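Both counts, for ligands and for their atoms, begin at 1 and track the order of listing. These numbers were taken from a predicted model, which means no experiment stands behind them.
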Amino acid sequence: MKQSDARAHVRGESVFVDDVPLARGTLFVAALGSTEAHARLTALDTSEALAQEGVRAVLTAADVPGENQIGGIIADEPLLAEGAVHYCGQPIALVVATSAQVAHEARALIDVTYEALPVVTSAREAAKAGSLIIPPRRLRTGDPDVAFSTCAHVVQGSSRSGGQEHLYLETQGAYVLPDEDGRLRVLSSTQGPTAVQRGIARVLGIPMHRIEVDVRRLGGGFGGKEDQATTWGALAALAAHCTGKPAKLVLDREDDLRMTGRRHPYDVDFRLGLSEDLKFVAFEATYYQNAGAAADLSPAVLERTMFHATNAYRVPHVDLTMLSCRTNLPPNTAFRGFGGPQGMFAMEAAITAAAEQLGVDRLTLQRANLLEEGDSFPYGQVAEGCNAVASLEALDQWCDLKQMRAAVSAHNAAHPHSKRGMAVMPICFGISFTKKLLNQAGALVHIYSDGSVAVSTGAVEMGQGVNTKLAQVAARTLGIDVARIRVESTNTLRVANTSPTAASAAADLNGHALRLACEALSARVTAVAARKLGVGDVSRIAIRDDRVLQDGAPVALSWEALIADAYVQRTNLSAHGYYATPGLDYDATREHGSPFAYHVYGTAVFVVTVDCLRGTYAFDQVLAMHDFGESLNPLVDQGQAEGGLVQGIGWMTMEEVVYDDAGVLRSNSLSTYKVPDVYSTPERFEVRFLKGASTEQAIYRSKAIGEPPLLYGIGAYFAIRDAILAFRPDAELSIDAPMTPEKVLLALHGDEDDTTATEPVA
Ligand code: MTE
Ligand code: LUZ
Ligand code: MOS
């Protein structure tokens with residue numbers, strides 16, 4: 001079954017927030033962002049803006065009727081700046097006008113007086129100054145101090161990975177329609193309808209039941225709309241509340257790039273100890289997370305970095321120090337992988353440092369240390385259904401890694417100015433929100449009297465195909481054709497207290513809730529069928545392919561006839577399902593327990609060719625053996641795997657977020673921020689389905705797919721590094737992603753004083 005939105009998308013018929021027909025009297029909102037990264041606000045003069053024709057209001061923090069606060073984990077983020085600004089782009093005031101153009105023009109007439117304060121953009125500098133979002137977090141397991149002293153080899157070094165722009169095609173936005181009695185109907189481009197509802201209630205000081213948030217679909221979220229859609233929903237709601245008119249706020253691309261946060265850059269110092277036979281014995285690391293100016297989701301992101309610090313490897317002694325550093329950048333936020341990729345990049349950096357120092361292949365170390373069934377992760381959870389070794393072996397069987405390496409070496413021997421590099425990348429990603437309470441979901445299902453079915457859940461469709469999978473879950477559970485199922489918008493009136501669609505868990509959580517609702521309905525209508533057929537034992541009745549079966553054989557009773565009859569018999573044809581992931585148990589005070597329902601594994605291999613005169617590169621082969629479980633929808637899942645992989649390659653290679661020392665974004669357009677396009681697709685690009693263990697925790701044993709494939713992208717970095725070292729074996733290279741062509745060129749030809757070739761790695 002194809003992604004259910006595919007046809008409407010390519011025909012341009014899908015409706016996004018900016019496409020919704022305007023209600024009469026709609027006003028348009030533009031937010032004024034700070035031009036300074038850190039300053040006291042000493043004066044704010046809105047009179048000239050307010051005097052413009054068409055301007056209906058100019059709003060500031062003083063106009064917020066409730067709490068001027070949107071911080072979720074920590075209350076450290078005002079909706080509108082008060083007294084000071086902490087990053088460039090921070091919202092200071094709103095202009096509400098009769099057209100978007102008037103609002104934007106008037107915004108420029110607001111006069112802000114800043115008194116500059118020192119600007120910190122580096123995480124390490126913030127940490128040195130003691131500027132942390134939360135106290136340092138530490139995970140120690142085994143006895144790392146003693147373990148290091150017994151190691152035959154110890155390597156140390158540091159790594160850095162950069163930010164990443166979400167670049168959802170649909171920018172952030174919301175359209176708020178006031179209703180009678182102070183009610184607000186909010187159309188929001190959000191992954192978290194409940195988060196927007198809660199945020200608006202807080203800011204306006206009204207109960208949540210006055211606010212309806214509705215989400216048809218997103219033109220992409222990638223984590224950028226898990227928490228940060230709330231800002232724009234709340235600002236539009238404030239405008240609607242203060243004017244009594246419908247208010248629409250949709251960011252243009254420039255504002256979206258400038259005013260919203262991204263993936264967290266990380267600096268990491270590490271030490272890896274190995275035994276004589278190259279087993280990992282001890283790993284110690286300090287993580288400097290660049291959180292930006294407010295907490296946002298940073299503490300949760302940091303926690304996932306900690307959980308994924310050792311990737312798919314067994315390391316008995318571990319000591320991790322986690323620092324979330326407050327800087328004067330826009331608050332960084334969720335981004336596909338949610339801190340996991342940053343942790344795993346540091347681990348692969350440590351493995352690379354060890355391989356280079358010991359003169360062995362990375363793969364030798366990786367292979368010797370993969371997790372096996374029954375091994376423990378550093379946080380205590382036991383690896384069950386572990387497909388780490390299975391995926392590497394299956395990949396090897398498929399493409400013969402030894403032969404691949406030989407071909408790379410042969411190419412390199414024959415070509416002085418063209419060098420190939422290769423890297424293998426195993427992955428392991430934990431499925432569940434690390435915050436236990438978020439692992440719950442609800443579903444509401446109506447069967448109408450004609451046999452058609454409407455499904456609502458907390459899941460938000462953002463291109464990942466969750467609605468397609470939900471339709472399949474309903475069809476499969478009810479035993480009817482998927483064409484009978486319609487998945488409705490995500491709406492806080494139909495399903496309440498929803499977790500954001502995030503953590504790759506939407507299909508599992510909402511799918512299980514939906515399955516439970518459908519099972520309840522199925523039980524009711526099969527009971528009707530049993531009565532009608534005069535069968536006492538309901539278990540002899542089933543529904544398959546739109547037909548009622550008795551003892552496994554179809555009888556002359558269709559789904560439609562059965563439902564029509566059930567309605568006449570006064571059967572409740574609506575059901576609510578609720579699911580809470582069982583078995584989650586993590587104790588943060590001891591940093592020990594089982595935070596995840598299960599793990600997803602896989603292994604990819606990268607082969608890249610570097611043009612050693614130009615510094616440019618192209619991927620010849622990217623092959624992944626991925627653990628999908630028993631895929632509900634191979635087409636959707638393969639799309640997720642390919643899309644995630646390319647997004648990961650982009651993060652590691654060409655996507656470079658640049659701020660200057662004043663905290664001003666320089667990569668502020670698509671001419672200065674480059675993302676992979678169809679021309680950067682690998683020459684040979686294939687994801688295969690591993691036949692390995694699955695789990696009942698995954699919906700119909702179809703494992704979560706949204707984020708894990710992004711992690712493969714880390715292999716791209718180390719493949720390019722491998723090629724550089726083939727050209728210049730004595731190069732002293734730092735481990736600093738992304739590996740842009742500029743950096744490659746400097747690494748190939750720069751001299752030792754060069755900034756790209758300073759710190760020796762080990
Ligand atoms: N795929 C598309 N096309 N667009 C998106 O915005 N977001 C990713 C992933 N795949 C995203 C996507 C992220 S960050 C997550 S957490 C998951 O989808 C969320 O959806 P799921 O839980 O249904 O996998
Ligand atoms: N969001 C969140 C996430 O709040 N908690 C998580 O654990 C998580 N993991 C991945 C992506 N988003
Ligand atoms: Mo995805 S980062 O969990 O939205």
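- To the nearest 0.5 Å, atom OH of residue Y313 and atom CE of residue M344 are 8.0 Å apart.
- Here is the list of ligand 1 atoms found below 4.0 Å of a heavy atom in G463: 2 (C), 3 (N).
- For the pair E707 and ligand 2, a heavy-atom separation below 4.0 Å is found.
- Polar contact with ligand 1: absent for F335 (N/O pair, distance under 3.5 Å).
- Annotation for R494: atom CZ counts as buried by contact number, over 12 foreign heavy atoms lying within 6.0 Å.
- Residue G220 approaches ligand 1 through these ligand atoms, each under 4.0 Å from one of its heavy atoms: 6 (O).
- Residues E254 and L257 fail the side-chain proximity criterion, which asks for heavy atoms closer than 4.5 Å.
- By the 6.0 Å and 45° rule, R304 stacks over the aromatic ring of F429.
- R216 contributes atom CZ, which lies 13.5 Å from atom OG of S189 (distance to the nearest 0.5 angstrom).
- The closest protein non-hydrogen atom to atom 1 (N) of ligand 1 is Q640 NE2, 3.1 Å.
- Closer than 4.0 angstrom to ligand 3 lie heavy atoms from Q191, G223, E226, A334, F335, R336, A502, A503, E707.
- Here is the list of ligand 1 atoms found below 4.0 Å of a heavy atom in A505: 22 (O).
- Ligand 1 has A503 within reach: a non-hydrogen atom of the residue lies less than 4.0 Å from it.
- The closest approach between a heavy atom of K435 and any atom of ligand 2 is not below 4.0 Å.
- Atom CZ of R253 is surrounded by more than 12 heavy atoms from other residues, nucleotides or ligands within 6.0 Å.
- At a heavy-atom cutoff of 4.0 Å, ligand 2 is contacted by the side chain of F338 but not by its backbone.
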